[in-house]
Amino acid sequence: MTIREGRWDCQYCGQVGILGREKSCPNCARSRPEGTRFYLPDEQAAASEQKLVQQAKIGPDWICQFCSSSNPANVAVCHHCNAAREGSSPQQEVKTYRPGEAPKSGDMDLSTPPPARTVKTKAATPVWLPIVGVVGVLLILACLCGGFFLFRSSETEATIESFNWERTVAVEAFRTVTEQDWDVPAGGRTISQEEAIRSYEQVLSHYETRERQVSEQVQVGERTYVCGQRDLGNGFFEDIECTDPVYETRYRTETYQEPVYDQVPIYDTYYTYEIDKWVPDRTERAAGRDQNPFWPEVPLGEGERAGPRTESYQITFLTADGERHTLDFGLEEWLSFEPGGSYKLKISGLGNDVEVVR
Ligand SMILES: [Zn+2]
Ligand SMILES: [Zn+2]
């Protein structure tokens with residue numbers, strides 16, 4: 001492990017940059033107090049002197065409880081007052097820093113800001129924030145207005161301009177028709193038949209050997225790097241090393257079997273047949289612009305019958321603004337309107353949702 005010698009500042013006389021190996025200030029001779037901040041100047045070279053490396057490795061300093069002197073970990077009595085080290089004697093703290101987080105200045109650097117993590121800086125308001133705000137308000141306004149126009153409803157007086165009705169009856173005829181299908185229904189008489197492709201089936205034909213490239217991650221070694229510094233609590237720092245596996249992408253060719261399918265047609269018998277059945281022939285229609293609907297006459301010839309019926313009833317309203325609205329009704333409600341009568345219409349949406357208020 002790489003050892004680097006730290007620095008510290010004397011808080012009594014203001015001396016800065018004191019070498020980590022010094023337990024006392026070379027200027028005022030005061031002992032290094034507990035809690036002194038050790039720091040690493042930029043580009044501090046590794047300590048190469050064996051004596052210093054050993055000094056770094058013996059552990060954190062302990063502080064004499066009687067005279068507050070800083071003592072190396074490998075001595076049992078205070079070098080200043082001879083008092084014995086006790087179990088309760090305080091030690092300089094050992095700290096671990098992430099890369100780049102080790103302090104670069106000591107206790108006398110008043111400009112040093114506290115660690116970034118504990119600082120609560122008020123984030124500057126971005127220039128674009130007011131713009132976003134204005135755009136947002138405009139959007140909300142636009143939505144509200146759009147909603148107002150879309151969902152507002154108004155009531156307006158309208159008079160009945162006209163009635164309209166239509167009734168139809170389908171006429172069916174019993175005829176002989178020619179049809180084609182895979183089966184002949186009951187009553188059908190086969191005219192001709194042929195074998196035709198009805199569907200296809202996927203049938204496995206064989207396998208083909210193919211090649212493909214596959215990649216895999218192979219560990220080819222390890223990478224060791226400095227992932228932080230440890231303040232050893234005695235004026236020295238140690239580089240912390242981390243190791244990551246190093247991978248390489250390797251490619252290889254592998255063979256595989258791919259199934260090959262044949263499209264096999266499935267044949268079936270396709271029939272042309274004739275059959276007697278009821279088929280639509282024509283539609284009889286009655287309509288009017290009054291309130292007296294009737295069903296159309298349905299004259300039936302030989303082999304004819306009446307089929308499904310339809311009916312529709314409408315009223316066209318004319319508003320005071322000159323707008324016309326034509327609405328559909330059921331027969332009973334439609335009959336209950338007075339010709340020329342005045343009614344209230346509720347118009348909502350974009351004018352296409354109209355109903356009568358009664
Ligand atoms: Zn001093
Ligand atoms: Zn002492």
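Numbering of ligands and ligand atoms starts at 1, following listing order. Because the structure is predicted, anything quoted here is derived from the model rather than measured. Below, all heavy atoms of this structure are taken into account, side chains as well, without hydrogens, waters or symmetry copies.
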Degrees at the Zn ion (ligand 1) between the SG atom of C25 and the SG atom of C13, nearest 10°: 100°
Apex the Zn ion (ligand 2) - arms SG from C78 and SG from C81 - angle rounded to 10°: 110°
The Zn ion (ligand 2) reached by C64 (N, O or S, under 2.8 Å): yes
Backbone or side-chain N/O/S of H80 under 2.8 Å of the Zn ion (ligand 2):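 So H80 does not bind the Zn ion (ligand 2) by this criterion.
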Heavy-atom neighbours of F174 CZ exceed 12 at 6.0 Å: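 Check passes, neighbour count above 12.
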Lys/Arg-Asp/Glu bridge criterion (N-O < 4.0 Å) met for R282, E304: yes
Salt bridge present between R32 and E22 (N-O < 4.0 angstrom): no
Pair D328-W334, side-chain donor/acceptor within less than 3.5 Å: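 There is no such pair between these side chains.
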